[in-house]
Amino acid sequence: NGGTFNGSRDWDFGDGATDTIVSPQHLYASVNQYTVKLKIVTSFGCADSVTKIIVINPKPVVDFTTTDTAGCSPFTTTFVNQTTIASGKIIKYLWEFGSINSKSDLKDPPPHKFVNTSSTTPVDYTIKLTATSDSGCVSTISKNNFITVFPKPHAAFKVDPKETLL
């Protein structure tokens, strides 16, 4: 704090890793509680240290399935949330169903209807689910082209001639 520090810094991150720079960044490999210690020694030999405990929380493991992934328009399917977390709680969900304004914030959304307005080409929808834990950890899964909706056929015919004599 204030001015140039002339001395040494020794960081101990509590997982076997150390550093000596002013503001290190450290990536922890696993969920756990760690004791982080900083020890400084001035060029005069004066020393001080501080120890703090940090907690690395788990991220949600996001996954889902559905009853069916393909069908004719309009196609309705039910999504089953299979998201888990090692500890803590999941407090927020966001489903994105691949079309504008097609979202849900429910853990298990109601059956969702997909449409295909094309008369010849299947339409694929990417489904995305995001979960947020009570510690603020966020995970997302995106299943590209997960839902396929086939065009609805349009049955039609003409009668020619419209009337005839027997």
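In this chain, numbering begins with 1 at the start of the sequence shown. Only heavy atoms go into these numbers, but all of them, side chains included; no hydrogens, no water, no symmetry mates.
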Got a donor-acceptor contact below 3.5 angstrom from the [X] side chain to the [Y] backbone?
X	Y	result
Thr132	Gly136	no
Trp95	Leu106	yes
Ser49	Leu38	no
Trp11	Ile21	yes
Thr20	Arg9	no

Of all the heavy-atom pairs spanning [X] and [Y], show the shortest one and how long it is.
X	Y	result
Asp19	Pro24	OD2-CB, 3.5 Å
Pro151	Ser119	CB-C, 3.7 Å
Ser139	Pro60	OG-O, 2.8 Å
Phe114	Thr77	CE1-CG2, 3.9 Å
Ser118	Asn116	N-OD1, 2.8 Å

Requested in this report: Kindly write out the residues that satisfy side-chain contact (heavy atoms from CB on, under 4.5 Å) with Val55, not counting sequence neighbours, or none if the list is empty.
Outcome: Gln33, Asn57
Query - Non-neighbouring partners of Tyr93 that pass ring pair (Phe, Tyr, Trp, His ring centres under 6.0 Å), sequence neighbours left out - result: none
Requested in this report: Just jot down the ring pair (Phe, Tyr, Trp, His ring centres under 6.0 Å) partners of Tyr28, sequence neighbours excluded, or say none.
Outcome: His26, Tyr34
Query raised in the report: Ring centroid separation for Phe146 and Phe64, is it under 6.0 angstrom?
Result: yes
Query - Verdict with reasoning, Thr18 to Asp12, per side-chain hydrogen bond (donor to acceptor under 3.5 Å, both in side chains) - result: CA-CA 5 Å; Thr18 60; Asp12 180 343; over 6 Å; no
Any chance you could measure [X], atom [atom1], to [Y], atom [atom2], to the nearest 0.5 Å?
X	Y	atom1	atom2	value
Thr35	Ile53	OG1	CD1	4.5 Å
Thr130	Leu94	OG1	CG	5.5 Å
Gln25	Phe13	CD	CZ	10.0 Å
Ser104	Glu96	OG	CD	11.0 Å

State, yes or no, whether a side-chain contact exists between [X] and [Y] at a heavy-atom distance under 4.5 Å.
X	Y	value
Tyr125	Ser102	no
Phe75	Asp68	yes
Pro58	Ser133	no
Ser8	Asp10	yes

**Report entry** Partners passing salt bridge (Lys or Arg N to Asp or Glu O under 4.0 Å) against Asp63 (at least two apart in sequence or in another chain)
**Finding:** Lys143
Query raised in the report: For Lys59, what residues pass the salt bridge (Lys or Arg N to Asp or Glu O under 4.0 Å) criterion, not counting sequence neighbours?
Result: none
Query raised in the report: In terms of hydrophobic clusters joined by side-chain contacts under 4.5 Å, are Val22 and Val50 together?
Result: no
Query raised in the report: Of Ile147, Asp108, Leu129, which is the lone residue that meets side-chain contact (heavy atoms from CB on, under 4.5 Å) with Phe79?
Result: Ile147
Query raised in the report: Have His112 and Thr78 got a donor and an acceptor in their side chains that come within less than 3.5 Å?
Result: no
Please set out all donor-acceptor pairs under 3.5 angstrom arising from side-chain atoms of residues 83-90, sequence neighbours excluded.
| unit_1 | atom_1 | unit_2 | atom_2 | d |
| --- | --- | --- | --- | --- |
| Thr83 | OG1 | Asn81 | OD1 | 2.7 |

Report task. Determine whether more than 12 heavy atoms belonging to other residues, nucleotides or ligands lie under 6.0 Å from atom CG of Asn6. Result -> no
Report task. For Asn32 and Ile56, run side chain to side chain contact (heavy atoms under 4.5 Å, CB included): C-alpha distance rounded to whole Å, both residues' side-chain angles, the deciding distance at 0.1 Å, then the answer. Result -> CA-CA 5 Å; Asn32 207 340; Ile56 305 301; 5.7 Å; no
